[in-house]
Amino acid sequence: MSPQTPAGGIPEGFVPFDISDDFVRLIGPLHVKLESDGPRVGMMLERRHGNPLGIAHGGCLMTLADMVMGFGCGFATRTAGVHPTITLNSDFVRGARIGNWVEGKAVITRRTPNFIFARCDLVCAGEVVLSASGVFKIPTQKPA
């Protein structure tokens with residue numbers, strides 16, 4: 001993963017991920033860093049993302065993992081449009097503390113004509129906090 005977050009800020013190279021999904025905007029803002037092998041997606045964990053223990057709510061992390069993999073699938077297929085989630089599995093490894101940066105990058109594990117399979121680890125403060133996998137539908141392209 002990328003180097004540690006500089007003094008509570010967004011790591012170098014990340015830009016705002018402008019997305020039209022109102023639900024995802026509720027947990028954002030998300031940031032993206034495009035790399036040659038795919039995008040890295042992350043966010044700064046704010047108080048509103050947490051539970052009373054001061055760690056990120058599981059639903060917030062699962063939404064981030066879904067976005068990491070969905071965006072990674074779009075990059076891999078070079079297909080415009082949303083890649084709807086068919087299945088999403090996750091394992092919570094440890095808590096992600098509020099005030100930290102958390103990020104992930106999709107790894108594509110398999111592709112068929114209609115579906116793409118991905119996995120990702122979300123990393124916070126140098127440690128994996130969530131490991132996820134999913135299956136995504138490749139959108140049908142309309143003829144030009």
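Counting from 1, the numbers follow the sequence of the chain as shown.
Shown are R110, M69, R111; of these, the side chain to side chain contact (heavy atoms under 4.5 Å, CB included) with F117 is made only by R110.
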Carefully, step by step, assess L122 and V128 under the rule side chain to side chain contact (heavy atoms under 4.5 Å, CB included).
CA-CA 6 Å; L122 295 185; V128 174; over 6 Å; no
Checking D18 against R25 for the side chain to side chain contact (heavy atoms under 4.5 Å, CB included) test, could you report, in this order, the C-alpha distance in whole Å, the side-chain angles of both residues, the deciding distance, and whether it holds?
CA-CA 9 Å; D18 187 26; R25 283 185 175 178; 3.5 Å; yes
Please evaluate residues F14 and M43 with respect to the criterion side chain to side chain contact (heavy atoms under 4.5 Å, CB included), reporting the C-alpha separation (whole Å), side-chain torsions for both, the decisive distance (0.1 Å), and the verdict.
CA-CA 10 Å; F14 280 85; M43 65 185 287; over 6 Å; no
Show the numbers, then the answer: is there a side chain to side chain contact (heavy atoms under 4.5 Å, CB included) between V93 and E127?
CA-CA 9 Å; V93 180; E127 296 188 319; over 6 Å; no
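Annotation: the span from C124 atom SG to L130 atom CG amounts to 11.5 Å, rounded to 0.5 Å.
With respect to the salt-bridge test (charged N to carboxylate O, under 4.0 angstrom), the residues K33 and E103 do not qualify.
Panel note: side chain H49, backbone I98; no donor-acceptor pair is recorded below 3.5 Å.
Partners of R78 under the side chain to side chain contact (heavy atoms under 4.5 Å, CB included) rule, at least two apart in sequence or in another chain, are F75.
Classified by interplanar angle (parallel below 30°, tilted 30° to 60°, perpendicular above 60°), the ring pair F71/F17 is tilted.
Nearest heavy-atom pair, R97 versus L53, reported as atom, atom and distance to 0.1 Å: NH1-O, 3.1 Å.
The environment of R48 atom CZ is dense: over 12 non-hydrogen atoms of other residues, nucleotides or ligands sit within 6.0 angstrom.
Cluster membership check: L88 shares its hydrophobic cluster with V41, using side-chain heavy-atom separations under 4.5 Å among Ile, Leu, Val, Met, Phe, Trp and Tyr.
Side-chain atoms of P29 and E46, non-hydrogen and from C-beta on, do get closer than 4.5 Å to each other.
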